[in-house]
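Let me begin by presenting the structure, written as structure tokens, before commenting on it.
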Amino acid sequence: ETHTIGKMKSEEAQQKTGVKRNHHPEKDILDEDLGDFMKMMKHSTLTEYEPRQLNTHVTSVPFLNNTIELLIHEDYLQERGYRLWKACHYLLLYLGTINNTCESSSSGDGGGGGKRVVEIGSGTGMGGIAMAHMPGYCQVRLTDLPSVLPILQLNVQSNVARYPQLDGKIEISPLVWGEPWAYPKPEVILASDVLYSEESHQPLLHTLLSLCSPSSHIIFAYERRKKSNDRFFKKAAKYFEWTTVPAATLIPGSSDPVTIYLMHLRPPPPSSIHPHPHPHPSLPTKKHEG
């Protein structure tokens, strides 16, 4: 079965948002306890995948003046990470409107060129796999809970078999939000449909901050389902600023409650040369296993 994601428009309809803040220290102490959330997430373990209701289909995405066909495996009877959600469809559409995200960069750490990309809450991995098709050598790392990695691995293997040029460009790592990030900071961070419970807001914000450098860009696809998730953006506005791309820009006439947030860290004010203490979600002070 083949699905085609809607036609794009290249026009930018972006609106400024976010609350200004005159202090942004580079490092600070986590101001809320992540203990209960992290303990719950650590119960997510990597196990051998046993398909329950595996659905395999091809999604055609208009991409860089061409079309790529992504092979997607979903399992509707597994946890939420085993499915492709609506916000990811819009993320794919947005990625198809840009053509320079992964051009060669001199800001790397001496590696083989190209910008580093990390997708958090990857699920089926379609956002990161699509990003690996970008020109230049993209170094893409897909992350999710250990229990979601089997479907992620299956999708990566299937798409690398379909597009051999992707071989070696995609890596997979487990990541529990709130735990320290063990790899170089990326230039691009992808996230789609990662707001699903209010208790995850602080760990998610902490992870975004631990991933970001001043030059990092976050492409955050969000489907608004409940008002409580709006509180995440109120918290995030202390540390990030952004523009938005509404669903109707990507699919004319769409009324889907999906928005693409294009986020980056707020620049520090001149006074930050002499930093002073201020609560800021960052790495926990306590070491965590794994």
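In this chain, residues are counted from 1 in sequence order.
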Please give me the minimum heavy-atom distance between [X] and [Y], naming the atom from each residue.
X	Y	answer
S200	P203	O-CD, 3.3 Å
G127	C88	N-SG, 4.1 Å
V245	Y94	CG2-CE1, 4.1 Å
A221	L91	CB-CB, 4.0 Å
K185	L209	NZ-O, 4.2 Å
A130	L95	CB-CD1, 4.4 Å

Pair [X]-[Y], side-chain donor/acceptor within less than 3.5 Å:
X	Y	result
S158	H73	yes
E179	H206	no
T207	S210	no

Is the shortest side-chain heavy-atom distance between [X] and [Y] below 4.5 Å?
X	Y	result
H57	E74	yes
V61	H89	no
P186	L211	yes
N55	D75	no
I120	L208	yes
T56	I72	no
I219	M263	no
Q153	I172	yes

(Q) So, using side-chain contact (heavy atoms from CB on, under 4.5 Å) as the criterion, who are the partners of K86 when residues are at least two apart? (A) Y90, E223, D256, V258

Any donor and acceptor pair, going by atom type alone, linking the side chain of [X] with main-chain N or O of [Y] inside 3.5 Å?
X	Y	value
T244	Y261	no
E69	S60	no
D167	V160	no
T143	S173	no
K169	I129	no
N155	T124	yes
D144	S122	yes

Q.
I'd like to know whether I170 forms a side chain to side chain contact (heavy atoms under 4.5 Å, CB included) with E119, so could you lay out the CA-CA distance, the side-chain angles of the two residues, the decisive distance to 0.1 Å, and finally the verdict.
A. CA-CA 11 Å; I170 306 173; E119 183 176 29; over 6 Å; no

Quick one: pull up [atom1] in [X] and [atom2] in [Y] and give me the separation to the nearest 0.5 Å.
X	Y	atom1	atom2	value
L92	M131	CG	CE	11.0 Å
L71	Q157	CG	CD	12.0 Å
Q202	R231	CD	CZ	14.0 Å
R116	I189	CZ	CD1	11.0 Å
T59	L84	OG1	CG	6.5 Å
L145	W177	CG	CH2	8.0 Å

**Q.** Cation-aromatic face contact R141/Y183, 6.0 Å, 45 degrees
**A.** yes

Q) With sequence neighbours excluded, what pairs up with Y222 under the ring pair (Phe, Tyr, Trp, His ring centres under 6.0 Å) test? A) F233

Q) With F232, which residues qualify under ring pair (Phe, Tyr, Trp, His ring centres under 6.0 Å), at least two apart? A) H201, F220

Q. For L190 and V118, what are the C-alpha separation, side-chain angles and deciding distance, and is it a side chain to side chain contact (heavy atoms under 4.5 Å, CB included)?
A. CA-CA 6 Å; L190 302 179; V118 170; over 6 Å; no

**Q.** Residues C212, I218; criterion side chain to side chain contact (heavy atoms under 4.5 Å, CB included); working and verdict
**A.** CA-CA 8 Å; C212 274; I218 303 172; 3.6 Å; yes

(Q) With a 6.0 Å cut-off on the ring centroids, do F240 and H264 count as close? (A) no

Q) Salt-bridged, R225 to D193, with N to O below 4.0 Å? A) yes

Q: Would you please test Y239 and R266 for side chain to side chain contact (heavy atoms under 4.5 Å, CB included) and show each step?
A: CA-CA 6 Å; Y239 315 108; R266 289 187 176 278; 6.0 Å; no

